Structure formats: structure tokens, C-alpha cells
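Because the structure is a prediction, the values reported are computed rather than measured. Naming: A, B, ... by sequence-line order, numbering from 1 per chain.
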Protein chains: 2
Amino acid sequence: MPDAERPLLPLLDDPPRQRRDAARNRDAVLQAALCLVAREGAPAVTMESVAEAAGVGKGTVFRRFGNRQGLMAEVLHQSELEWQASVIGGEPPLGPGAEPLARLLAFGRSRLELNLRHADLIEAAAGGDRRSHPAWAFAALHVRHLLGECGVAGDLPLLATALLAPLDVTIVRQQLREGYPADRIVAAWSDLARRVAAAAD
Amino acid sequence: MPDAERPLLPLLDDPPRQRRDAARNRDAVLQAALCLVAREGAPAVTMESVAEAAGVGKGTVFRRFGNRQGLMAEVLHQSELEWQASVIGGEPPLGPGAEPLARLLAFGRSRLELNLRHADLIEAAAGGDRRSHPAWAFAALHVRHLLGECGVAGDLPLLATALLAPLDVTIVRQQLREGYPADRIVAAWSDLARRVAAAAD
DNA sequence: AATGAAAGCGGACCGCGGTCCGTTTGACCC
DNA sequence: GGGTCAAACGGACCGCGGTCCGCTTTCATT
């Protein structure tokens, strides 16, 4: 559908326009990856299998997405959109309308659940910098915003990161493996969040 | 030197005694790995190069250490011994003798420095479970202990993990990459630690 | 329609982590 | 010493991530 506008606004999209086959292939690869990950789980999906399912060569997959992490990051991004929408505009207490602290606590529980649900994908998408992923940036920004609304004084971006850190998949998984029940992990995180948010107001 | 005692105390070490060549090879591999990592950095060290340097076959390296992470974990362990000693018995404020809160703050700064210094090695040793490594377990236990001495009430083991989490290599590296200076990261962590420790007493 | 150039393509190729299995070595007993 | 057996060895082998380069497709221009 954007094609229909092209002739009418030829000035806006010209600089780096990409060839049509490139766009088509990129889309095919992403769809194939999405499908394969859903069906077989991220760890079982190889770059070659994605290429084959998309009907392209292996080189094409790497050209479009850089490496395995890049591809998985894109898949993860698709899977996170719905959740992000419900944080921004969904029901309270996760969405807007509740007290900031209540939203923060709901956020923690919800994010922890999601981290576990997408665990394999997150780990597959995680390079040395799991935190440069859009999903992480979104979460960090949101926590920072809520802390601000709670009236917390201090280094908000770094405090936000510090609050997010213990929710990380690898940490939570390890805690579960050590026998801590999920409820207790959530409770401990809530405790932490309250301590951080308590300093002000 | 333990050899000298063997004949005198034949009862203590018999159950799973390992063959002499096995022990010798394990040692040679570890030495070679230590040396190579120091000289070329962890990322550049391949399992095959370690095997060759140790004068053994590749299979032997894998048999002794399981996989690359296992080997790197062992190398890391060696590198952390000195620091652990200085935490347990070194000078205050890191070592014993200072106030618990002061020790905690000193611990954070010191651990952060060490994480950066050993960054490559830590990442190489990190499997899905970076936190099952002895070095991590040691740190967690120590923080838990200090929190207890601070009079903190709550879920100490999980709070300790939560405090440790933001010191993780990948997080700190990302923050540096985003332009936050190291001092500020340390300050933010100290702030966090104080908020956690402030609830009691 | 013809043409030139560059963006894109794909599969042969490489290196490394990890496995497998036939062979060797060391420990223990006679 | 000789015999036996399990533990250990080592290198050929495999699969996957990632690169490279000669060939093809697209698109702007005329």
C-alpha cells in the first residue's frame, strides 16, 4: 500500500531506497524465522533452515540481519509489540491510570513472566549487549518514567537499569533452578522496588 | 607434595582416585589455558590451541573440562582467588574491620572494577548460568552476609542477588558504551545499596 | 528497447566447538 | 613379569555460524 503514495510524494523516500527483491526477501526470511521459532523453539532454528524455508540462500539471510542474534532480535521484537502496547495503553495497573508505584510493581511481575516465556528467544537474541535491544530500551525508559512519577530523586536512568537487572532471564532462571519459587522472586523484587521508590514523596 | 602423604594416609583418598596421566594432563591443560589467556586474551584462545600447547589431543581437553565455558570457568577461578582472599582477610574497608555498610560500598566498587578487568574471561566462562560459577556464589554469599550485618530485614539471598545483578559485565559495559562515566555508575550503585540497607537499624 | 552500473544473490568454503570410537596406558592382581 | 580391564587418549569427523566472490537482477537513463 505505500506504493500508491510513491508517485505523489517522490521527495520523501528517495535517499536509500532498497531494491524490491531485497525487501521481498527480507520479509520472507523474517516470516520464515517467526514460523520456525514458533514451531521448533529458538535453539533448534539454524540459519540454514531459515534460509531454506524462505527460499533464499544463506548469504542473503546474513546480509539482511547481520548474524543469528540480529535475526533473533528482530523475531523477538515482533513478539514483544503486543506487550509493549499493553504497558503503554492497556488496563491498569500495568497500563496508565493506576498509582505509579502500583504500576511499577505490576510491571515487574509482568516483565518477569514475559522474560521466562520468551527465555530462549531472549538468550538467542542476546549478544554481549542484550541491553541495546529495543525491548530492553523500552523497559528501561518506562521504569525510569515511573520512578520519576514516584518522586524518586537520584540518577534515574541508572537506577532504572539497576531495577531491571535482577529480572534478567539468566538470573531468574538460576534462582528457579536453585529452588526459589516464582512468587518469592516476585516478592523480593517488589520489596526492592519499594525500597528504591520509598526515598521520596 | 601431597604425594608424600599418600602412603601414610592410604585410607582417605582411595574412592575415586584418578589415573596419574589424567591428573598430569588436566594440569598441563589448565596451565596452557592460563598462559594463553594471559597472552592473547580469552576470545582468541581456541580449544585446539590449548590442546596443542598442552601437548594433548582435543578430546582430552573436552573430557576434563566439559566444554569451553568449563575450561574458562576454571581459568577465571584461578584469577579470582587473590581478590577473594582480600575480601575475606584483606585491608578495610574491603576486608573485615570496617562498618558493614562501608564494606558493602567498597565491595561494589571493587567488584565492578574486577568485572571490567576480567570482562572477556567472565563472558567466555558464562554459560546460560553465569551465576553458578564459584566466583558469583562467593560474591552473593558475601553481600548477603554484609546485608545481614547491616540489620536488613527481608529476603536476604534474593536481595543480595538483586544488588549483584547491576554489576554484571554486560550491563556495565553497555552503560559505559552509552556514555555514563564509571564514577557515576559506582555512585548510582552506592545509592542503590544505601537504599536497600537503609530500611533497618 | 538497449545499456551500464551497482545492489543483491547464493552456495562453496572456512574455522571452531563438540562428539565418537578404535587404540593406548596405567593400575591392580596373580 | 604377565594378564586383565577399565580409564583415558587423540584425531578424524560433524554441524553450525559466518565470509567471500563470481554471477544475476533491478533500475535509472537514454
Side-chain angles (χ1 to χ4, degrees), chain A residues 3 6-7 10-11 13-30 32-33 36-37 40-75 120 123-128, chain B residues 3 6-7 10-11 13-30 32-33 36-37 40-75 120 123-128:
Chain A
D3 276 349
R6 186 91 47 82
L11 300 172
D13 53 355
D14 44 64
R17 208 138 93 252
Q18 91 183 323
R19 267 165 51 166
R20 220 183 231 94
D21 54 347
R24 182 171 19 94
N25 280 337
R26 192 195 137 91
D27 213 55
V29 168
L30 190 51
L36 283 177
V37 166
E40 310 181 1
V45 175
T46 74
M47 296 302 269
E48 208 145 15
S49 70
V50 171
E52 190 181 359
V56 303
K58 198 160 104 167
T60 300
V61 179
F62 280 93
R63 159 168 347 228
R64 292 289 139 222
F65 297 93
N67 54 27
R68 190 186 147 87
Q69 289 165 17
L71 176 58
M72 292 304 180
E74 205 57 43
V75 173
D120 286 341
E123 291 197 333
Chain B
D3 277 349
R6 187 90 49 81
L11 300 172
D13 53 355
D14 44 64
R17 206 137 95 252
Q18 87 183 326
R19 267 166 52 168
R20 217 181 233 97
D21 53 347
R24 179 168 25 89
N25 280 338
R26 193 195 138 92
D27 213 55
V29 168
L30 190 51
L36 283 177
V37 166
E40 311 179 2
V45 175
T46 73
M47 297 300 270
E48 207 145 13
S49 70
V50 171
E52 190 181 0
V56 303
K58 199 158 93 161
T60 300
V61 178
F62 279 92
R63 153 125 14 107
R64 291 289 138 223
F65 296 93
N67 54 26
R68 189 185 148 88
Q69 289 164 16
L71 175 58
M72 291 304 180
E74 206 57 44
V75 172
D120 284 342
E123 291 196 335

Legend entry - Residue whose closest nucleotide on DNA chain C lies nearer the 5' end, A:Glu48 versus A:Arg64: A:Arg64

Legend entry - Side chain of A:Lys58 (C-beta onward), nearest among D:dG18, C:dA27, D:dC13: D:dG18

Inset, instruction - Specify the separation, in whole Å, of atom CZ of B:Arg63 and atom C1' of C:dG17. - result: 16 Å

Inset, instruction - May I ask you to test the A:Val37-A:Met72 pair for a side-chain heavy-atom distance under 4.5 Å? - result: yes

Inset, instruction - Find out whether B:Val56 and B:Val50 are in side-chain contact, i.e. whether some heavy atom of one side chain is under 4.5 Å from a heavy atom of the other. - result: no

Legend entry - Nearest-nucleotide 5' precedence on DNA chain D, B:Gly57 against B:Arg19: B:Arg19

Legend entry - A:Met47 side chain reached by A:Glu52 side chain, heavy atoms, under 4.5 Å: no

Legend entry - Interatomic distance, A:Asn67 CG vs D:dC16 C1' [rounded to whole Å]: 13 Å

Legend entry - Validation row: A:Glu74, A:Leu30 side chains within 4.5 angstrom (heavy atoms): yes

Inset, instruction - Calculate the interatomic distance between B:Arg24 atom CZ and D:dA7 atom C1'; express it in whole Å. - result: 14 Å

Legend entry - Counterpart residues, side chain to side chain donor-acceptor pair (under 3.5 Å), relative to B:Arg19 (two or more places apart): B:Asp21

Legend entry - Nucleotide nearest A:Thr60 when distance is taken to its side chain, options D:dG10, D:dC16, C:dC9: C:dC9

Inset, instruction - Mind calculating the distance between CZ (B:Phe62) and P (D:dA12) to the nearest angstrom? - result: 16 Å

Legend entry - B:Glu48, CD: over 12 other non-hydrogen atoms inside 6.0 angstrom: no

Inset, instruction - Classify the nucleic acid contact of A:Arg26 as base, sugar-phosphate or nothing, counting any heavy atom under 4.0 Å across all strands shown. - result: nothing

Show the distances under 3.5 angstrom between N or O atoms of the protein and N or O atoms of nucleotides 2-4 of chain C.
none

